[in-house]
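Per chain, numbering begins at 1; letters A, B, ... match sequence-line order.
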There are 2 protein chains.
Amino acid sequence: MRYRSRLHAFSELTDADRTAIDALLDQRQRVIAPRRDVVAEGEVPRFVHVVLDGWACRYRQLSDGRRQLLSLLLPGDLIDPYPQAVARSDHAVGTITTMTVAEVAPDALAALGRESATIARALWWNNHVAMGTQREWIASLGLRSARERIALLFCEVYFRLRTSGRCMGRACEFPLTQADLAEATGLTPVHVNRMVQELRRDGLIAWGGRTLTILDLDALCGVASFTPAYLHLDRAVSAG
Amino acid sequence: MRYRSRLHAFSELTDADRTAIDALLDQRQRVIAPRRDVVAEGEVPRFVHVVLDGWACRYRQLSDGRRQLLSLLLPGDLIDPYPQAVARSDHAVGTITTMTVAEVAPDALAALGRESATIARALWWNNHVAMGTQREWIASLGLRSARERIALLFCEVYFRLRTSGRCMGRACEFPLTQADLAEATGLTPVHVNRMVQELRRDGLIAWGGRTLTILDLDALCGVASFTPAYLHLDRAVSAG
DNA sequence: CGGAGCCTTGAGATTTATCAAGGGTAGTGG
DNA sequence: CCACTACCCTTGATAAATCTCAAGGCTCCG
């Protein structure tokens, strides 16, 4: 089963809840080219965007041009998860691949949260997971080596895609370039390249084209010190 | 004016809202010794803790002992900002100094959020700021140098304390040890020491005892590439 | 007076960055 | 169908930032 949005994956939702969310997602959609900004830094977003297809990322850029990815936005993710927001964004969101987003009216989502207590909980749960993921990135950048950071990112993406039913066995899409990976892990592209080669040589992964295959999941998780606790999958419906 | 909790600082709150929150904070309090865990990793917290006095931190520790601070919890901060949580914590929270916390029943806070739309918004705003702060830490660890990271942390603490009315001019409390600072910035204590000395030598800060004095705020912000946008102070009542 | 915790300093090792160049591949236009 | 460009990946050599190890000093407290 493939979830249209992360909210759908929340285990306590009723069928009626899921139908109501679907209705919101169908109201208004947009297709965005790769490498474009969806939300600029300082902008006040007019919609709650939900990624329906394709990948994007949050990022922050310093005045001297240095850029850091802050999180990956995969299919199903909410880009502006604040029903009541109307706040100036403190970071930018840009596409990586061609992306289809649903543009949901903040008021409509807020209304849904008031009508259904489970949807309200789903919104908080989604937030909880997003914060946990950010914390894991902090731990990654702060105390893991280059090799460990890269392994961690592979693990995270694999588990997240699997939750939403977007893996085939041990393989999944992975459309980032090595330069993107460098911006996500706080390393240089050159060094990322060497570490990726090492992971390949050690038989942990295969990665080429836009496909990542995890050849030895346990070993990769071990290298990354990865445990999926921060994804709070215990409250998610498993997609297999 | 000194705010008891971050929620109090939300500019849209009415006096009635603030009184209601105060009532929650007064129900049950606890004093915790320095260097103790408030919430252990994997624990399901039974309360929403609010820091009334003293400092704490979120942290994550890998099996080999390496430890990374994930965020600082200053007076007023909510430790478990999920009214509906009842989720296993994916990280630990420990005190730095002696700390007084209010232990609020999650249900009571949730009820308050249902009764007052502004309190509900305040909870989301609080979350929004917490996420922004985590993103800034990611950007700090990912693309800033040692010197820049340390300067950034000083800036962040100063601005956050000022918002809640806990600065005297350019001076504020700063009870972290250099080893703590190292765990927050992903550096070694030795290197932190050298960078702090550099910042002192350059006349940017004075730091000793448990007091930090910012001697040249503009220059320090410049070194750190600090802009307080992520704190979303535009929706906070200024404490001066 | 002794110990513990924290800060400071020095010297050498390691990780990662920087600079520079070459090769592969896919798409584009002639 | 071929040349050409753009983008990405790869490799090597050297440099810089940060870590590691080791030791000494200061201050507070019992």
Margin query: Is Asn193(B) close enough to dT8(C) that one of its side-chain N or O atoms is under 4.0 Å from OP1 or OP2 there?
Written below: yes

Item checked: N or O in side chain of Gln178(B) less than 4.0 angstrom from dG5(C) OP1/OP2 -> no

Is the distance between the ring centroids of [X] and [Y] less than 6.0 Å?
X         : Y         : value
Tyr158(B) : Phe174(B) : no
Tyr230(B) : Trp137(B) : no
Phe159(B) : Phe226(B) : yes

Give [X] one of three labels, base, sugar-phosphate or nothing, depending on what nucleic acid heavy atoms sit under 4.0 Å from its own.
X         : result
Arg200(A) : sugar-phosphate
Thr188(A) : base
Gly186(A) : sugar-phosphate

[X] has an atom [atom1]; how far is it from atom [atom2] of [N], in whole Å?
X         : N       : atom1 : atom2 : answer
Arg35(B)  : dA4(C)  : CZ    : C1'   : 14 Å
Met195(B) : dC7(C)  : CE    : P     : 16 Å
Glu148(A) : dT15(C) : CD    : P     : 12 Å
Glu198(A) : dT16(C) : CD    : P     : 10 Å

Note to self: Check this for me: does any side-chain nitrogen of one of Arg4(B) and Asp26(B) sit under 4.0 Å from a carboxylate oxygen of the other?
What the structure shows: yes

Check: Of all heavy-atom pairs between Val101(A) and Val51(A), which one has the smallest distance, and what is that distance?
Finding: CG1-CA, 4.2 Å

Next item on the list: Grab the two heavy atoms, one from Pro75(A) and one from Leu52(A), that are nearest each other, plus how far apart they are.
Entry: CB-O, 4.0 Å

Note to self: Suppose we screen for ring pair (Phe, Tyr, Trp, His ring centres under 6.0 Å). Which residues come up paired with His232(B), at least two apart in sequence or across chains?
What the structure shows: His128(B)

Item checked: Nucleotide of dT16(C), dC7(C), dT18(C) approaching Leu187(A) most closely (side-chain heavy atoms) -> dT16(C)

Next item on the list: On DNA chain D, reading 5' to 3', which nucleotide is the first and which the last to sit with an atom under 4.0 Å from a heavy atom of chain B, could you check?
Entry: dT18(D) to dC21(D)

Notebook entry, point to check: Where each residue is assigned the nucleotide of DNA chain D containing its nearest heavy atom, which of Trp207(A) and Arg194(A) is assigned the position nearer the 5′ end?
Noted result: Trp207(A)

